S.K.: 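Starting off with a structure, shown below.
Predicted model, so just to flag it, every value in this text is computed and none were measured.
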Amino acid sequence: MFRTQEYEPRTLRNAHQIATVVNLTRTALMHTDAIARVSLLKTLADEEDVSILIREPGDRIVPFGNTGLENRLVQEMVERLGPGTLIASSVNDASGLWVGFEIERDSYWLQMDAERLQPLGGTAWLNWLGVTLALSLAGAAMVAGLINRPLQRLSFAASQVREGHFHTSSLDEDAATSEIREVNIGFNRMAERLAKIEQERALMLAGISHDLRTPLARLRLETELSVADLETRDLMAADIAQLDAIIDKFLDYARPEASDLGPVLLSGVISQSIAPWRQNPRLDITVDVAEDLMVKADAVELVRVLSNLLENARRYGQGPSDGVARVEIVARVHEGWVLLRVRDQGPGVPEEALKNLTQPFFRGDAARTAATGSGLGLAIVERSVQRMGGTFSVFNNSAGGLMALMKFRQAVAT
């Protein structure tokens with residue numbers, strides 16, 4: 001495009017201008033007397049950088065025209081100046097653009113700078129480079145758009161699947177390109193399969209929760225009738241009520257609607273969680289929590305979290321001297337967050353096992369394999385805290401023992 005639209009037309013136009021200069025010079029020399037001719041030659045040399053010299057038969061000439069375009073220039077100038085015209089790039093070892101012509105019986109050389117044939121300056125090159133760059137960027141943007149739009153839709157659909165919205169993540173199965181069409185079809189089938197698995201999981205969870213209601217009701221009735229000790233009966237009834245509340249949460253999980261979080265009195269939840277352990281001589285619990293501190297959570301879920309942590313501390317956090325598990329529960333407020341810390345004073349966990357503690361069915365050391373636990377406690381705690389919009393981490397405390405740190409949004413009582 002540059003050669004046909006810019007370079008050749010400018011070069012030929014310059015050749016025409018040079019031929020015009022030669023014709024005008026020749027005509028001026030033909031119609032001036034000797035005195036005026038000397039003045040004209042001096043003016044041309046000073047102002048136009050054009051020299052007129054006598055052409056001798058013994059001049060050493062280097063013809064002009066090493067390329068196809070230069071040969072075209074020679075032809076154009078010969079056609080405009082006449083058949084006897086000579087075009088040279090060097091005469092008598094003097095380089096330049098030499099045009100040989102005749103005036104009556106005399107032969108002359110017209111010498112001018114060869115740069116006159118250069119068609120482009122720096123600005124023109126920059127303009128062409130700018131146009132080329134703009135076209136390249138426009139083409140690249142168009143291609144990138146064709147590629148990125150399906151990728152953006154795929155990314156959005158993947159985020160919907162990650163959040164559990166399987167039915168809003170459908171992709172276009174009639175895309176223009178076969179590769180994108182195959183990806184979209186495969187993704188839609190995957191989302192449909194995941195939706196079916198989720199429905200079956202929810203149905204199974206709801207069925208198990210529903211079936212547990214009947215034996216729990218019988219246990220409650222038998223407790224009321226057969227347990228004579230009032231305090232023991234109350235504790236057993238509280239345990240059954242907690243199990244019933246957990247079953248309600250299972251049924252909530254099985255429903256498609258998400259449960260709303262609300263302000264929960266943290267001290268009340270902690271009191272409910274530690275109530276079954278108050279008479280246990282092997283577990284010593286101290287609490288440092290403000291009475292009016294509220295968090296944004298679900299009360300039943302938070303009781304479940306704390307109960308799992310206390311059970312974990314009872315099993316694995318006994319002191320080496322007396323075998324008593326001492327647990328500290330501390331809550332502090334920091335920049336709109338409530339930091340809830342549960343710490344035991346046991347031996348802790350090896351550092352290499354810490355990162356796996358929240359994995360299902362993992363237990364921290366070989367000694368725990370003989371325990372009755374399934375390795376699900378901390379995994380349940382982490383996922384429950386995340387569902388309530390908080391964060392959970394567990395690590396060895398520098399003063400000894402294992403520490404669980406949870407963050408919940410602070411709530412204001414309504």
S.K.: Flag the pair M388 / E301 as yes when at least one side-chain heavy-atom distance between them is below 4.5 Å, and no otherwise.
M.R.: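 Touching, per the 4.5 Å side-chain cut-off.
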
S.K.: Hey, does the side chain of S155 reach the backbone of L151 with a donor-acceptor pair shorter than 3.5 angstrom?
M.R.: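 Such a contact is absent between S155 side chain and L151 backbone.
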
S.K.: If you look at every heavy atom in L293 and V289, which pair is closest and at what distance?
M.R.: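 That closest heavy-atom pairing would be CD2-CG1, 4.4 Å.
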
S.K.: What is the minimum heavy-atom distance between V324 and L283, and which atoms define it?
M.R.: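 Result for this residue pair: CG1-N, 4.4 Å.
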
S.K.: Decide, yes or no, whether a salt bridge links E192 with K196 under the criterion of side-chain N to carboxylate O below 4.0 Å.
M.R.: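 Judged by the 4.0 Å cut-off on N to carboxylate O distance, E192 and K196 do not form a salt bridge.
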
S.K.: Quick one: are I285 and W277 in side-chain contact, heavy atoms under 4.5 Å?
M.R.: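 The answer is yes, as the side chains (C-beta and beyond) meet within the 4.5 Å cut-off.
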
S.K.: Hey, does the side chain of S159 reach the backbone of F156 with a donor-acceptor pair shorter than 3.5 angstrom?
M.R.: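 Judged by distance alone, yes, a pair lies under 3.5 Å.
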
S.K.: List the atom of V264, the atom of A299, and the distance in Å for their closest heavy-atom pair.
M.R.: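 In this case the closest contact between V264 and A299 is CG2-N, 3.8 Å.
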
S.K.: In plain terms, say whether D288 and R332 are close enough for a salt bridge, that is, a side-chain N and a carboxylate O under 4.0 Å apart.
M.R.: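 Salt bridge present between D288 and R332.
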
S.K.: If we only count heavy atoms from C-beta on, is the V327 to D284 side-chain gap below 4.5 Å?
M.R.: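 No, side chains not in contact.
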
S.K.: Let's go through D93 and R60 carefully: what are the C-alpha distance in whole Å and the side-chain angles of both, what is the deciding distance for salt bridge (charged side-chain N to carboxylate O under 4.0 Å, His left out) to 0.1 Å, and is it a yes or a no?
M.R.: CA-CA 7 Å; D93 299 327; R60 298 185 303 276; 3.2 Å; yes

S.K.: Less than 4.5 Å apart, any side-chain heavy atom of R80 and any of T20?
M.R.: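 R80 vs T20: side chains touch.
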
S.K.: Indicate the atoms forming the closest heavy-atom contact of S273 with V303, along with that distance.
M.R.: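 Nearest heavy atoms, S273 then V303: OG-CA, 3.6 Å.
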
S.K.: Kindly say whether G323 contributes a backbone atom to a donor-acceptor pair with the side chain of R282 at under 3.5 angstrom?
M.R.: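 Yes; judged by distance alone, with no hydrogens or angles, the pair exists.
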
S.K.: Do N184 and D172 meet the criterion of a side-chain donor-acceptor pair at a distance under 3.5 Å?
M.R.: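 Their side chains do not contain a donor-acceptor pair, so the 3.5 Å distance test is not met.
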
S.K.: With heavy-atom distances below 4.5 Å as the criterion, would you say the side chains of I329 and L340 are in contact?
M.R.: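 Heavy-atom side-chain distance check passes, below 4.5 Å.
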
S.K.: Between D298 and V300 (side chain of the first, backbone of the second, donor and acceptor by atom type, cut-off under 3.5 Å), is there such a pair?
M.R.: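 Looks like yes, one N/O pair under 3.5 Å.
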
S.K.: Side chains of V295 and Q410: closer than 4.5 Å at any heavy-atom pair?
M.R.: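 Not touching, per the 4.5 Å side-chain cut-off.
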
S.K.: Between R387 and E382, does any side-chain N to carboxylate O distance fall below 4.0 Å?
M.R.: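 No, this pair does not count.
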
S.K.: Could you tell me if the side chain of W109 sits less than 4.5 Å from the side chain of N92, heavy atoms only?
M.R.: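 Side-chain contact under 4.5 Å: no.
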
S.K.: Do the non-hydrogen side-chain atoms of L402 and Y316 ever get within less than 4.5 Å of each other?
M.R.: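 No; the side chains remain at least 4.5 Å from each other.
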
S.K.: For T358 and R383, which heavy atoms make the closest approach, and how far apart are they?
M.R.: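 Closest pair (atom of T358, atom of R383, distance): O-NH1, 3.3 Å.
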
S.K.: Would you sort out whether M77 and V99 count as a side chain to side chain contact (heavy atoms under 4.5 Å, CB included), showing the intermediate values?
M.R.: CA-CA 9 Å; M77 295 177 69; V99 181; 3.9 Å; yes

S.K.: Please determine if D344 and R326 form a salt bridge, counting it only when a charged side-chain N lies under 4.0 Å from a carboxylate O.
M.R.: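 Looking at R326 together with D344, the answer is no, because their closest N to O distance does not fall below 4.0 Å.
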
S.K.: To check you understand the geometry: which heavy-atom pair defines the closest contact between P150 and I180, and what is its length?
M.R.: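 Minimum heavy-atom separation between P150 and I180: CG-CD1, 3.5 Å.
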
S.K.: How would you list, by chain and number, every residue that makes a side chain to side chain contact (heavy atoms under 4.5 Å, CB included) with L265, sequence neighbours excluded?
M.R.: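 Per chain and number, L265 pairs via side chain to side chain contact (heavy atoms under 4.5 Å, CB included) with S267, M294.
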
